[in-house]
Visitor: 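Could you have a look at this structure, given as structure tokens, before my questions?
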Amino acid sequence: MGCIRVDKITEYLCDPLQRCLKDDDPYVRKTAAVCVAKLYDINAELVEDRGFLESLKDLISDNNPMVVANAVAALAEIQEHSSRPIFEITSHTLSKLLTALNECTEWGQVFILDALSRYKAADAREAENIVERITPRLQHANCAVVLSAVKMILLQMELISSTDVVRNLCKKMAPPLVTLLSAEPEIQYVALRNINLIVQKRPTILAHEIKVFFCKYNDPIYVKMEKLEIMIKLASDRNIDQVLLEFKEYATEVDVDFVRRAVRAIGRCAIKLDRAAERCISVLLELIKIKVNYVVQEAIIVIKDIFRRYPNMYESIIATLCESLDTLDEPEAKASMIWIIGEYAERIDNADELLESFLESFPEEPPQVQLQLLTATVKLFLKKPTEGPQQMIQVVLNNATVETDNPDLRDRAYIYWRLLSTDPEAAKDVVLAEKPVISDDSNQLDPSLLDELLANIATLSSVYHKPPDAFVTRAKTASQRTEDDDYPDGNEKGYSANVGDGGASPSTSSSSVPYTAARQPSPAQVMPAPASPVPDLLCDLIGLDNNAIVPADQPAMPSGPPLPILLPASTGQGLQISAQLARQDGQIFYSLMFENNSQITLDGFMIQFNKNSFGLAAAGPLQFPPLAPGAAARTLLPMVLFQNMSPGPPSSLLQVAVKNNQQPVWYFNDKILLHVFFSEDGRMERTSFLEVRS
């Protein structure tokens, strides 16, 4: 019954749910606990009014662990959809949950562990006690339980000050995490994404287990890529030789993307570990000698980064790199090689010839290469101001300013041109300035983001490496949607105490909202509602509505032309409003039709118009008889002009507020149709025209 998301079902659900929450059978109680969460999603106020939340909290003290687990799961879900605190774990509750943890099913343990992860221990001693009772969960066969236990332990470790305790916990967490990598590839991937976060915070946990991350020949590519990332993070002076042997092996595999990533990994290790940089470069040079095109290009890209990390240390390898110039065809590789030539132009005898080979195809090169070529040529000219570079700089500056449509390239060229023509020494200070040394990017997550992701281990957040708010959207209630969609700035579009002749704000109560008084020209046409049938539970269960069954002699809809729907029933809690301005016999009317698709009778209808460019306002109160469920009614509301003028530019927008005694105020927008202001015969006396015009 809780799964049938229909308001009408809730009235039949409350009483049996009340009894089931106190049933003798624990199976009934645990099912009833989940039903409370479902009911809260349909009607939160009803759950609170009937005391279901208190009953749910009482179930945490239940003697059956499955009932406790379901109560925790239900309360946690309710808390997610509530803005106020509903489920707060105290030290008393903590003890009960830890006791139930040992006897729950695996998913029950996950629910309890996730709930416990929100608990902040009072001190280091309490944190140690909690960890001690949770540590046995690390041996569980279910990987979700293991990851939830790891999350809980990591959070409590923040409060533990003893280094011995922390070291022992790190040792205990390593084997279960390693075991996860023997599961099927999909679970391996999830485990690896979580491990990636864990080693950024606590690298010592898996510092001695780097071998388990070595790639197997039959690993899927997504598993291999994750293993590579973790190996870079765990690489140290102690294990770098093993790691480089692995990376070198991967660089000879057949999967091009994996090979590229492996070559980049070697470069990242060189940047990360000062002492290992020379060994990394040796491996890269060996790979360049293989003469596989994409390997060579990737190696040149990472060597450029190594040069930036260790300036003036490994320039002896430039000659080897220059041998591969002819094979470069990828923009990033070309740009990297050009940067190396420009940066070390004074040490390369034929630097001008090398750059000239790129200049021939300058107009066809991608922007990345053109920008690098421009800067490298300027560097060459400043370092070797001879005749050759002078001619080259003229050609490049001409191409980059006259022959290009790229604004970035053109602007940079003009800056260089102005610098070189006015003050070459200033140009040297700018172009040949010392560059900042780049650092290791393997721990790329911001510390605050990392802490948030670690608090969400074993969820999608830890797989995406994004906080939940980045990909989870919360549903809004119907009334919130109506107001937010119509008035996105949160201000109800000028509905103020100045509306009409002293009208009130729509936020005031229904009893204090004054409406202008006059008589309606004719009563509303009401579609008779069928007699209320005896409640039919079978029809309710299969989604039928007794009120929808219309007798053959009953009119289906009030007479009149169809009107545009301005407030759909899905937004108006069952009330559908159709309306349009109309003109009849020289008078402007607001033609309205209300349809009641809810389960209750609606009465006490009132209407109010916001200030508008034509000063349109109601000439009298809205007269609608009570609308029974399933009924519809139609009326013409007489309108007056120039009573409710709004300042500012003219607009055809008409903002309307409608209320009744049973529902909140509904706001919607209509469009003012200009033809309603024109007289039917199209004629106008001169005096009338001048009067209106003035």
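Just so it is clear, the structure is predicted and the values come from calculations on it, not from any experiment.
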Visitor: Has the side chain of Lys272 got a donor or acceptor atom that lies under 3.5 Å from a matching backbone atom of Ile232?
Guide: yes
Visitor: What distance do Leu449 atom CG and Leu454 atom CG have between them, rounded to the nearest 0.5 Å?
Guide: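 Output value for this atom pair is 9.5 Å.
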Visitor: Is a side-chain donor or acceptor of Ser461 paired with a backbone partner of Ile457 at a separation under 3.5 angstrom?
Guide: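 No, the answer is negative, given that no donor and acceptor are paired below the 3.5 Å cut-off.
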Visitor: For Arg412, what residues pass the side chain to side chain donor-acceptor pair (under 3.5 Å) criterion, not counting sequence neighbours?
Guide: Thr375
Visitor: Using side chain to side chain donor-acceptor pair (under 3.5 Å) as the criterion, list what pairs up with Ser448, not counting sequence neighbours.
Guide: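 With neighbours one apart ignored, the set is Asp446.
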Visitor: Can you list the steps and then say if Asp329 with Gln297 is a side-chain hydrogen bond (donor to acceptor under 3.5 Å, both in side chains)?
Guide: CA-CA 8 Å; Asp329 54 17; Gln297 300 199 74; 2.8 Å; yes
Visitor: Residues two or more places apart in sequence or in another chain: which of them pass side chain to side chain donor-acceptor pair (under 3.5 Å) with Ser148?
Guide: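 With sequence neighbours excluded, Ser148 shows a side chain to side chain donor-acceptor pair (under 3.5 Å) to Asp114, given in chain and number order.
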Visitor: Is it true that a side-chain atom of Glu315 and a backbone atom of Asn312 form a donor plus acceptor pair closer than 3.5 Å?
Guide: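 Such a contact is found between Glu315 side chain and Asn312 backbone.
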Visitor: Strictly by modelled atom types, are Ser462 and Asn194 linked by a side-chain donor-acceptor pair under 3.5 Å?
Guide: yes
Visitor: Without swapping roles, check the side chain of Asp219 against the backbone of Lys216 for a donor-acceptor pair under 3.5 Å.
Guide: yes
Visitor: With no hydrogens and no angle check, do the side chains of Gln200 and Asn196 hold a donor and an acceptor under 3.5 Å apart?
Guide: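 The criterion, which ignores hydrogens and geometry beyond distance, is satisfied for Asn196 and Gln200.
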Visitor: Does the gap between the ring centers of Phe471 and Tyr464 come in under 6.0 Å?
Guide: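 Yes, they do, as the ring centres are separated by less than 6.0 Å.
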Visitor: Output all residues satisfying side chain to side chain contact (heavy atoms under 4.5 Å, CB included) with Gln394, sequence neighbours left out; order by chain, then residue number.
Guide: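 Once residues adjacent in sequence are excluded, Gln394 has no partner under the side chain to side chain contact (heavy atoms under 4.5 Å, CB included) criterion.
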Visitor: To the nearest 0.5 Å, how far apart are CE in Met231 and SG in Cys215?
Guide: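 Rounded to the nearest 0.5 Å, the CE-SG separation comes to 6.0 Å.
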Visitor: Under the rule for side chain to side chain contact (heavy atoms under 4.5 Å, CB included), what residues qualify as partners of Leu409, not counting sequence neighbours?
Guide: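 So Leu409 forms a side chain to side chain contact (heavy atoms under 4.5 Å, CB included) with Phe362, Gln370, Leu371, Leu374, Ala400, Thr404, Asn406.
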Visitor: Can you name the side chain to side chain donor-acceptor pair (under 3.5 Å) partners of Lys224, sequence neighbours left out?
Guide: Glu253
